[in-house]
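Here's the structure, in structure tokens; my notes come after.
All residue numbers in this chain count up from 1 along the given sequence.
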Amino acid sequence: MNSRPNIVLVHGAWADGSSWSAVIERLQADGYHVTAPQFPLTALADDVARLRQVLDRQDGPTIVAGHSYGGQIMTALGPDAPNLAGLVYIAAFGLDQGESLGGLLSQGPVTPALAHLFTDSHGFGWLSEDDFVNHFRRRRRPGQGQGHVRRATAAGHVHIRGRDGVPAWKTRPSWYLVAADDQALPPDAERMFASRMGATTVEYPGQPRRDGLPPR
């Protein structure tokens, strides 16, 4: 690319677009056009439709970066997403055709962040406040209290049972940040995703921050 690409940031489950706020500030300061849309988290098809709408509004090549479940949203774009130039996975799901999130997560021990996951009668998954604070989010901004925890978004679990088609990473260049101390997505699964997609990979010894701040 001869000019800077646009950047679209995709939040994960139990989060919203504001989780990228500090990242947005840094990217904008460097001259990038950045979009961090809200995703409904009601079903994977709904989330993919929202991302395609956002990509269609971009005015040129666009890099999409996703965290955790956000990686599966961009993976499910398939091979024909408009303006998509590349994919950045930040400790994120990157399934292959025919795989499902539920199938992957059931293959090994439950991670600490999901140990007490509760799915309600409407198909939405909830984390306990303790697991959210101590394992999922772990680090918060100074002065950020429990109010944020109580406003955490529920993730629709309809998509966990779904299976996807041809993944977008098979037709676009990809990059992957492996978080070696991730307590939500198994680090070995992250390494497998990165290796399988042939991504340019960096391994970070801690857990990715879920408060819009960079890792420390």
Ile90/Val88 under side chain to side chain contact (heavy atoms under 4.5 Å, CB included): CA gap, chis, key distance, verdict: CA-CA 6 Å; Ile90 302 172; Val88 178; 4.2 Å; yes
Residues Tyr69, Leu185; criterion side chain to side chain contact (heavy atoms under 4.5 Å, CB included); working and verdict: CA-CA 9 Å; Tyr69 166 66; Leu185 175 58; over 6 Å; no
Thr35 and Leu9: CA distance, side-chain angles, deciding distance, side chain to side chain contact (heavy atoms under 4.5 Å, CB included) verdict: CA-CA 6 Å; Thr35 306; Leu9 301 172; over 6 Å; no
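At a cut-off of 3.5 Å, with distance as the only test, no side-chain donor of Ser195 or Tyr176 sits close to an acceptor on the other residue.
Interatomic distance, CD1 of Ile7 versus CG of Leu27, reported as 4.5 Å (0.5 Å rounding). Rounding to the nearest 0.5 Å gives a distance of 7.5 Å between CD1 of Ile63 and CG of Leu84. Remark: Lys170 NZ to Arg196 CZ distance equals 8.0 Å, nearest 0.5 Å. Taken from CZ in Arg50 to OG1 in Thr42, the straight-line distance is 8.5 Å, to the nearest 0.5 Å. To the nearest 0.5 Å, the span separating CE on Met74 from CZ on Phe93 amounts to 12.5 Å. In this structure, His11 NE2 and Leu41 CG are separated by 5.0 Å, a value rounded to the nearest 0.5 Å.
The shortest distance between side-chain heavy atoms of Leu95 and Pro167 does not fall below 4.5 Å. Counting heavy atoms from C-beta on, the side chains of Pro5 and Thr62 never come closer than 4.5 Å. You'll find the side chain of Gln58 reaches within 4.5 Å of the side chain of His33, heavy atoms only. Considering only heavy atoms from C-beta on, Glu190 stays 4.5 Å or farther from Pro186 through its side chain. Side-chain contact between Tyr89 and Trp175 is absent, with no heavy atoms from C-beta onward closer than 4.5 Å. With a 4.5 Å cut-off on side-chain heavy atoms, Leu77 and Leu55 count as touching.
In plain terms, the two heavy atoms of Asn83 and Gly60 that are nearest each other are CB-O, 3.4 Å. Here the closest non-hydrogen pair linking Arg172 and Pro79 is NH1-O, 3.3 Å. The two atoms that bring Val8 and Pro37 nearest to each other are CG1-CD, 4.1 Å, heavy atoms only. Of all the heavy atoms in Ala92 and Gly66, the pair that sits closest is CB-O, 3.4 Å.
The residues Arg52 and Asp47 are annotated as not salt-bridged, no charged nitrogen and carboxylate oxygen being separated by less than 4.0 angstrom.
In this structure, Thr201 contributes its side chain and Ala199 its backbone to a donor-acceptor pair below 3.5 Å. Using a distance-only test at 3.5 Å, with no hydrogens or angles considered, no donor-acceptor pair links the side chain of Gln38 to the main chain of Asp16. Here the side chain of Glu99 pairs a donor or acceptor atom with the backbone of Asp96 at under 3.5 angstrom. Between the Ser19 side chain and the Ala15 main chain, no donor and acceptor come within less than 3.5 Å of each other.
Residues forming a side-chain hydrogen bond (donor to acceptor under 3.5 Å, both in side chains) with Asp59 (at least two apart in sequence, or on another chain): Asn6.
Taking the six-membered ring for Trp and thresholds of 30 and 60 degrees, His67 and Trp20 have ring planes more than 60 degrees apart, a perpendicular arrangement.
Counted within 6.0 Å of CZ on Arg57, heavy atoms from surrounding residues, nucleotides or ligands total 12 or fewer; the atom is thus considered open.
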